[in-house]
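Throughout, residue positions are numbered sequentially from 1 according to the sequence presented. Being a predicted model, the structure only gives us computed values, none of them experimental. Start at 1 and go down the list; that is how both ligands and their atoms are numbered.
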Amino acid sequence: MTTSNIETATSSQPEAPAAVAPADAKVAPERPYSPGLEGVIAAETAVGFVDGANGRLLYRGYPIGQLVEKGTYGRVAELLWTGEWRKSARLAPAVVPDPVLCALRELPMHTHPMDALRTAVSVWGAWRRPHWPPTVDQARELTAFAPSALAAFHRLRNGLEPVKPNQKLSLAGGFLQQLNGKDPDPADARALDAYFIVGAEHGLNASTFTCRVIISTRSDLASAICGAIGALKGPLHGGAPAEVVSQLHEIGSPENAEQWVREAIARGDKIMGFGHRVYRAYDPRAAALRKVAEGMADMAEWLDIAVKVEDVVLRVFGELKPDRVIKTNVEYYAAAVLQGVGLPPDLFPPTFALARMAGWGAHAIEQASADKLIRPDARYVGPAEMEVPSLGSR
Ligand code: ACO
């Protein structure tokens, strides 16, 4: 019950209480408070390094651009989990277990695919009962099963039966095959694999932090991943690429870009696919995905518009917001790749979740080895201690 509820429930209203901490409060009021935990170091990690000032992203020391050029998602996931860069490392798409398939069949057709994925992971956890501490085998199994579960849900909601994965394909290729019921074009599978690599890990973002908090209580990996998916579902975290697509549709052609961008900024709207909390330079993931998108024949026309619009947006930001470095972020070119491989926009956020499974798993394993409960303090700003008003008979 809030203070205002209490006030309306009493006949003789007490004086408004002073918003000060009680004298015996355990939290020292002078301790710094950082809204949104911005700038707070809440963990030590050897998994990934987001160097915002210089536009660098390293997974276990290796730059993201080189990992996209020389790696596969299976190899990169293994690197994140174990620290080893192995040629033989590979992740094949797994069969969806019956309990998960039964649960997916029961979901209403209008279920958001992000909710369907979270449900699938939850049922997987109930079925497999992964124990704490999380292991590389658990992370491998969960990461290999999730794309198949999401594809199965997508087919079911379209009135189609799920298909078994072709386990000779990569995880990204198997996802496309299970969505469409046929083996994918190898170039599409490779492009989606590259997207999976750039989405695999990004430091202590909100979903990864959520995952670590849950693991820190010695809860299991499936619970932690369910929580992480819940955090990623929020539009401030995982929702931008679909909006990039509708934004470019709205702009229509590069000639309209300048006026559209100036009007949007004047209204105080955010231009999707630009700006980042950490990067003050061009997002290295955007650069890597732009290269991938340039290799996709079907995307040539869309990309031509996207590149021209990007030039205009960056120039207008430079002019209107000279004190703030606002550059292209990963979501701008993620939109091109995801659209180019034929995914509908509502599958963009859960596909991001499929990619991030590797990073979540790696952070879960690392957090468990630190084995320290994450439990910050809150600064108390409520009323000082006071007598409960007597309301007469109970
Ligand atoms: N469009 C317009 N103005 C912007 C943008 C943008 N995309 N990004 C930042 N700004 C402006 C803000 O209006 C603000 O200007 P002001 O100081 O004149 O008020 C200033 O830059 C600071 O903006 P904040 O939102 O406070 O910066 P923050 O670092 O908190 O935000 C964020 C980062 C949320 C990503 C923001 O840039 C944004 O909303 N971008 C658009 C959405 C998007 O592309 N999200 C995907 C991010 S990448 C990812 O999550 C994987």
Side-chain angles (χ1 to χ4, degrees), residues 34-40 48 50-53 55-57 59 64 114 194-211 228-248 250-251 257-290 306 309-339 345 348-360 363:
S34 176
L37 298 184
E38 198 171 351
V40 172
V50 185
D51 179 2
R56 276 191 315 158
L57 172 62
Y59 293 175
I64 189 66
M114 202 66 162
Y195 168 80
F196 271 36
I197 293 172
V198 304
E201 151 65 8
H202 208 238
L204 207 59
N205 52 80
S207 58
T208 302
F209 184 55
T210 306
C211 170
I229 294 172
L232 190 68
K233 188 181 169 198
L236 291 187
H237 193 1
E243 296 194 47
V244 170
V245 172
S246 44
Q247 188 175 277
L248 282 174
E250 221 183 287
I251 294 173
E258 177 128 10
Q259 191 187 349
W260 187 92
V261 171
R262 286 184 186 279
E263 285 174 4
I265 294 177
R267 281 194 306 270
D269 289 354
K270 289 283 173 69
I271 316 293
M272 292 296 144
F274 294 87
H276 198 272
R277 174 61 69 82
V278 181
Y279 289 118
R280 291 292 164 262
Y282 202 96
D283 184 334
R285 303 168 300 170
L289 281 186
R290 178 173 165 168
V309 168
E310 181 189 19
D311 288 344
V312 173
V313 174
L314 293 177
R315 177 167 50 74
V316 173
F317 271 138
E319 185 195 316
L320 298 184
K321 299 204 180 263
D323 302 334
R324 173 97 188 175
V325 182
I326 303 175
K327 299 281 187 202
T328 316
N329 68 45
V330 61
E331 307 293 22
Y332 197 72
Y333 287 106
V337 172
L338 296 175
Q339 204 191 20
F348 290 6
T351 304
F352 183 8
L354 300 181
R356 189 51 64 82
M357 292 283 167
W360 289 334
H363 279 271

Residue pair [X] / [Y], side-chain heavy-atom distance below 4.5 Å:
X      : Y      : answer
Phe317 : Lys327 : no
Glu243 : Phe348 : no
Val312 : Trp260 : no
Asn329 : Tyr279 : no
Met357 : Ile229 : yes

- Apply side chain to side chain contact (heavy atoms under 4.5 Å, CB included) to the pair Glu319 and Arg262, showing each step before the final yes or no. CA-CA 10 Å; Glu319 185 195 316; Arg262 286 184 186 279; 2.8 Å; yes
For [atom], what is the nearest protein heavy atom, given as residue, atom name and distance?
atom                    : value
atom 1 (N) of ligand 1  : Ile271 N, 2.8 Å
atom 51 (C) of ligand 1 : Glu331 OE2, 3.3 Å
atom 48 (S) of ligand 1 : His276 CD2, 3.6 Å
atom 11 (C) of ligand 1 : Ile326 CD1, 3.7 Å
atom 50 (O) of ligand 1 : His237 O, 3.3 Å
atom 45 (N) of ligand 1 : Ala240 CB, 3.7 Å
atom 36 (C) of ligand 1 : Lys270 NZ, 4.2 Å

Heavy-atom pair of closest approach, residues [X] and [Y]:
X      : Y      : answer
Ile271 : Ala264 : CD1-CB, 3.7 Å
Ala228 : Ser207 : O-CB, 3.4 Å
Ala281 : Ala53  : CB-O, 4.0 Å

- Matching residue for Tyr332 among Asp283, Val309, Leu289 - test: side chain to side chain contact (heavy atoms under 4.5 Å, CB included): Val309
Report the part of [X] (side chain from C-beta onward, or backbone N, CA, C, O) that has a heavy atom under 4.0 Å from ligand 1; answer both or neither where that applies.
X      : answer
Arg324 : side chain
Lys321 : side chain
Arg277 : both

Measure from [atom] to the protein's non-hydrogen atoms and state whether any distance is below 4.0 Å.
atom                    : value
atom 6 (C) of ligand 1  : yes
atom 31 (O) of ligand 1 : no
atom 34 (C) of ligand 1 : no
atom 26 (O) of ligand 1 : no

Closer than 4.0 angstrom: is that true for some heavy atom of [X] and an atom of ligand 1?
X      : value
Asn329 : yes
Asp269 : yes
Phe317 : yes

Are any of the N/O atoms in [X] less than 3.5 Å from those in ligand 1?
X      : value
Met272 : no
Phe274 : yes
Arg285 : no

- Task: Give the ring-plane orientation class for His202 versus His276, where under 30° counts as parallel, over 60° as perpendicular and anything between as tilted.
- Result: perpendicular
- Message: Test side chain to side chain contact (heavy atoms under 4.5 Å, CB included) on Trp360 and Leu232; report intermediate values, then the result.
- Response: CA-CA 11 Å; Trp360 289 334; Leu232 190 68; 3.9 Å; yes
